[in-house]
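Atoms within a ligand are numbered from 1 in the order they appear, just like the ligands themselves. Throughout, numbering of the chain's residues begins at 1 and tracks the sequence.
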Amino acid sequence: MTRVLGIETSCDETAAAVVEDGRAVHSSVVSSQVDLHARFGGVVPEIASRAHVELVGDVVAEALLEAGVELSELDAVAACHGPGLAGALLVGVSAAKAISLATGLPYVGVNHLEAHLYAAWLEDPSLEPPLAVLLVSGGHTMVVIMADHGQYRVAAETVDDAAGEAYDKVARFLGLGYPGGPAIDRLAVDGDRTAIRFPRAMPGAPAFSFAGLKTAVVNHVRREPDAPVADVAASFQEAVVDQLVDKLVAAADAAGAPTLVLGGGVAANSRLRERVAEVAAATGRRAFLPPPALCTDNGAMIAAAGWWQLRAHGPTALDDGTDPNLRLAPAAGLPVGGPD
Ligand code: KG4
Ligand code: ZN
């Protein structure tokens, strides 16, 4: 039995969790800074870093308390070391290293994207590769073919905005506030998703694009200012989801992957979840949709990925730094096999 403390501070969530054997969540505490950033319409990096410094100690203490464990009862401490905001990453990594130095626990530096992949195992430990994972967040949009643990291939990636970024920008334009994804998701329920035919970019190509869609929404609203906002939101969402689902299925087809998995903040979207479940049923595949709390940034996914990484690669050196531009590369992943 191995208990890992996971710390996540790559963006605007200060989060910590205790997870056993990469699968059983004993506690997961997420302190969102949404209120601090909302009036600026997006995350302000310097404000995020300062808030992480203020919150990280309490969030870690609460995660330990909820799990009913002392630091001395843990086996490792993991922190997200990239990709993310430079100053924000430093806070979580420094906290984890300080705990490591003070207690002698091994430190594990975790790739944020890899952690989003491993969130799936928290819900269903029986999940087996190969998987086609749609990773959609505020900073990334990609389909990852996971042939086995540590064997990743990015089958499609966005050429401009991330899907979450498109949601946030369109919501801001429509005056719906920040973060935009949940706001559009809620509003779209009352809208007609067939009201406006917005473009589906790059048909047939193994790539995503959302910049043109955002411009199309802006142009439409300027041309027809009286169009019901719920219809605009629902039609925009349908265009995003169409593109995401089409590329996910095409990549899964090409790779022969029988399981579809969602990860990242946009995976909390109700229409995306509904459509992925539908397409899985229609194509004889299994769909794995982690609950929204595990899709958005959290410490449990860091602890889970940290556990798999620790088993395969051992601890990370304490002089290893952070990398705001860290990519999801096979070299950064885990070797074939994983735990038995
Ligand atoms: O993974 P995440 O929590 O942070 C990043 O690593 O970026 O993703 C945050 C993104 C934001 O752009 C937010 O608007 C979007 O996920 N999001 C959603 C929903 N919930 C969060 N987008 C669409 N529908 C949602 N329900
Ligand atoms: Zn994320």
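- Counting atoms of ligand 1 from 1 in the listed order, those under 4.0 Å from a heavy atom of H116 are 1 (O).
- When each atom of ligand 1 is checked for a heavy atom of G164 under 4.0 Å away, the hits are 12 (O).
- Among the atoms of C11, none of the N, O or S atoms falls under 2.8 Å from the Zn ion (ligand 2).
- By the 3.5 Å distance cut-off applied to N or O atoms, T296 is not counted among the residues near ligand 1.
- In terms of protein heavy-atom proximity, atom 21 (C) of ligand 1 is closest to G265 O, 3.4 Å.
- Residue-ligand proximity, D168 to ligand 1, at heavy-atom distances under 4.0 Å covers atoms 11 (C), 12 (O), 13 (C), 14 (O).
- By the 3.5 Å distance cut-off applied to N or O atoms, D185 is counted among the residues near ligand 1.
- For the pair A115 and I302, the tightest heavy-atom approach, listed with the atom from each and the gap, is CB-CD1, 3.7 Å.
- Paired with D242 under the rule salt bridge (charged side-chain N to carboxylate O under 4.0 Å, His left out), one option of R193, R275, R271 passes, and it is R275.
- The atoms of ligand 1 that sit less than 4.0 Å from any heavy atom of S137 are 1 (O), 5 (C), 6 (O), 7 (O), 8 (O).
- Within the structure, ligand 1 has A268 among the residues with a heavy atom less than 4.0 angstrom away.
- Summary of contacts: the protein heavy atom closest to atom 15 (C) of ligand 1 is V266 CG2, 3.9 Å.
- Regarding atom 7 (O) of ligand 1, its nearest protein heavy-atom neighbour is G138 N, 2.8 Å.
- Using a cut-off of 4.0 Å between Lys/Arg side-chain N and Asp/Glu carboxylate O, K97 and D319 are scored as not salt-bridged.
- Using a 4.0 Å cut-off between a side-chain N of Lys or Arg and a carboxylate O of Asp or Glu, E114 and R327 do not qualify as a salt bridge.
- Here the shortest heavy-atom pairing between L105 and A76 reads CD2-N, 4.1 Å.
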Begin from the C-alpha positions of H52 and T14 and carry the test side-chain hydrogen bond (donor to acceptor under 3.5 Å, both in side chains) through to its verdict. CA-CA 6 Å; H52 285 312; T14 316; 2.9 Å; yes
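- In this structure, Q237 does not count as a contact residue of ligand 1, since none of its heavy atoms falls inside 4.0 Å of the ligand.
- Other residues, nucleotides and ligands contribute more than 12 heavy atoms inside 6.0 Å of the CZ atom of R200.
- The nearest pair of heavy atoms linking A195 to S235 is N-OG, 3.7 Å.
- When only interatomic distances are considered, the shortest N/O to N/O separation between N269 and ligand 1 falls below 3.5 Å.
- In terms of distance to the Zn ion (ligand 2), the nearest N, O or S atom of D297 is named OD1.
- Residue G181 has at least one nitrogen or oxygen atom sitting less than 3.5 Å from a nitrogen or oxygen atom of ligand 1, judged on distance alone.
- The atom name of the N/O/S atom in H112 closest to the Zn ion (ligand 2) is NE2.
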Start with the C-alpha distance between S31 and Q33, add both sets of side-chain angles, then the distance that settles side-chain hydrogen bond (donor to acceptor under 3.5 Å, both in side chains), and finish with yes or no. CA-CA 7 Å; S31 175; Q33 305 174 7; over 6 Å; no
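- E165 has a carboxylate O that lies under 4.0 Å from a charged side-chain N of K169, or vice versa, which qualifies the two as a salt bridge.
- At least one heavy atom of H112 sits under 4.0 Å from some atom of ligand 1.
- Which parts of ligand 1 touch G139 is read off a 4.0 Å heavy-atom cut-off, strictly below it: atoms 7 (O).
- What sits closest to atom 4 (O) of ligand 1 on the protein, heavy atoms only, is D297 OD2, 3.1 Å.
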Run the numbers on S270 and D185 for side-chain hydrogen bond (donor to acceptor under 3.5 Å, both in side chains), then give the verdict. CA-CA 7 Å; S270 58; D185 195 356; 2.5 Å; yes
Worked check of side-chain contact (heavy atoms from CB on, under 4.5 Å) between L272 and L289: CA-CA 10 Å; L272 177 61; L289 317 172; over 6 Å; no
